[in-house]
2 protein chains.
Amino acid sequence: MMTSGDVESPFAMPGHDHASCIMTALDGAEAICARRGERLTPLRRRVLELVWRGHSPVGAYDILALLQSERGRVAPPTVYRALEFLCRQGLVHRLDSLQAFIGCGQPGNDGDGRHAAHFLICQDCGTAVEVRDGQLDGAISRLAGRTGFAIADETIELSGLCAACQS
Amino acid sequence: MMTSGDVESPFAMPGHDHASCIMTALDGAEAICARRGERLTPLRRRVLELVWRGHSPVGAYDILALLQSERGRVAPPTVYRALEFLCRQGLVHRLDSLQAFIGCGQPGNDGDGRHAAHFLICQDCGTAVEVRDGQLDGAISRLAGRTGFAIADETIELSGLCAACQS
DNA sequence: TTCATAACGTTATGTTATATCATTATCGAA
DNA sequence: TTCGATAATGATATAACATAACGTTATGAA
């Protein structure tokens, strides 16, 4: 049985129907924002779509360039504000180790849709997969409990080689 | 009994004898570099000392400013090269979530002195404490094993409030 | 001493991110 | 419907973080 915390084969995704992948993300984002009374404007929606171009993290300036190619002059704050909104809604995560952004595959699962996101990042194919692991979560909360530390934010990014890239 | 993985009370350090803290770090660094045949030059030693000014992460440009105040013209590469050396030797860690650097409290414990460093970072007092937690390590390696992922690098940084700052 | 290499200096530039203020859009209340 | 408050976006400038490239100096081994 698959529990919600399992990750079946996170890097076995190449070849999947990415168009539907994007559509799912956008539809989900619409639903979440509607439910919350937040505005997924055309710009924000487009930025989210660009973040979802693939399963590799995308730099803010990559998105900026894409936007510029379709709208002419666009300045960095335009992109950063959209990304900030999307992160706030839990629709996008920032990967600190790469200074880049990636779409969240399971947004809105929590009460407010924001959750601690943990990543496996393949240094060869560039794919980053969000994982949820009960043992990891447990170890972290026990560590926090033992040290009396109140966690507000988690940056957990494991870089290396995915199974497919280890050949 | 305290095992080497325990952290007694990581944030209960204010008031400690920080001068001896720095000295320990510098002496340790000298010993490690000597053993490895690496050169802890005056510049590198001084940068390490500046990183150890406190237990809060220090930005590269903070170090640059300090160096400039004591040596006149110093350019960014001077600082970044020294930091790169110190990181390579496991004497300093970079905190990706803060884009800042902090001295390693347990350098040279591994074969090559480089280890996965996990941090608790207090958003109030700014203190960052390196922790080693067997359960966390175990959860991570099981996660890697289960997904067939070969970890090369870990970025694990937990931000929040330390016990003392939760009042 | 000479050579090879590592360390450092110097200049320039690349990359990521934000502050600030003006303008436009949205939406509820009068 | 118009007004006014607020949110979103546009636009300009600059801050903050980092590295490429190349020349010079120091170091240590042959």
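Below, read A as the first sequence line, B as the second, and so on, with proteins coming before strands; counting in each chain starts at 1.
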Query raised in the report: Looking only at heavy atoms, which two atoms of B:Thr147 and B:Leu143 are closest? And how far apart?
Result: OG1-O, 2.8 Å
Report task. Grab the two heavy atoms, one from B:Ile102 and one from B:Ser56, that are nearest each other, plus how far apart they are. Result -> CD1-C, 4.3 Å
Query raised in the report: Ring of A:Tyr61 versus six-membered ring of C:dT16: centres under 5.5 Å and planes under 30°?
Result: yes
Output the distance between atom [atom1] ([X]) and atom [atom2] ([Y]), rounded to the nearest 0.5 Å.
X        : Y        : atom1 : atom2 : result
A:Arg46  : A:Leu66  : CZ    : CG    : 7.5 Å
A:Cys122 : A:Leu161 : SG    : CG    : 5.0 Å
B:Ile32  : B:Leu40  : CD1   : CG    : 10.0 Å
B:Arg94  : B:Glu84  : CZ    : CD    : 12.0 Å

Select one nucleotide: of [options], the one nearest the side-chain heavy atoms of [X].
X       : options               : result
B:Pro76 : C:dT18, C:dC8, D:dT19 : D:dT19
A:Arg44 : D:dA8, C:dC8, C:dT10  : D:dA8
A:Arg94 : C:dC8, D:dA11, C:dT16 : C:dT16

Atom pair distance, as rounded to whole Å: [atom1] in [X] and [atom2] in [N]:
X       : N      : atom1 : atom2 : value
B:Leu98 : C:dT16 : CG    : P     : 19 Å
A:Leu43 : D:dA11 : CG    : P     : 12 Å
A:Arg73 : D:dA13 : CZ    : P     : 13 Å
A:Arg36 : D:dA7  : CZ    : C1'   : 18 Å
B:Leu64 : C:dC8  : CG    : P     : 15 Å
B:Glu38 : C:dT5  : CD    : C1'   : 13 Å
B:Arg45 : C:dC8  : CZ    : P     : 14 Å
A:Leu95 : C:dT16 : CG    : C1'   : 15 Å

Query raised in the report: Would you call B:Glu30 and B:Arg45 a salt bridge, using N to O less than 4.0 angstrom?
Result: yes
Query raised in the report: Any salt bridge between B:Asp62 and B:Arg53, counting N to O under 4.0 Å?
Result: no
Query raised in the report: What string of B, S and - do you get for nucleotides 25-30 of chain D 5' to 3' if you count protein non-hydrogen atoms under 4.0 Å?
Result: --S---
**Report entry** Along DNA chain D (nearest heavy atom to each residue), the more 5'-positioned of A:Ala75 and B:Phe101
**Finding:** A:Ala75
**Report entry** Those residues of residues 78-85 of chain B lying under 4.0 Å from DNA chain D by at least one heavy atom
**Finding:** B:Tyr80, B:Arg81
**Report entry** Closest-nucleotide ordering on DNA chain C, the 5'-leading residue of B:Pro42 and B:Gln99
**Finding:** B:Pro42
Query raised in the report: For A:Gln135 and B:Arg142, what are the C-alpha separation, side-chain angles and deciding distance, and is it a side-chain hydrogen bond (donor to acceptor under 3.5 Å, both in side chains)?
Result: CA-CA 9 Å; A:Gln135 291 187 25; B:Arg142 279 189 296 276; 2.4 Å; yes
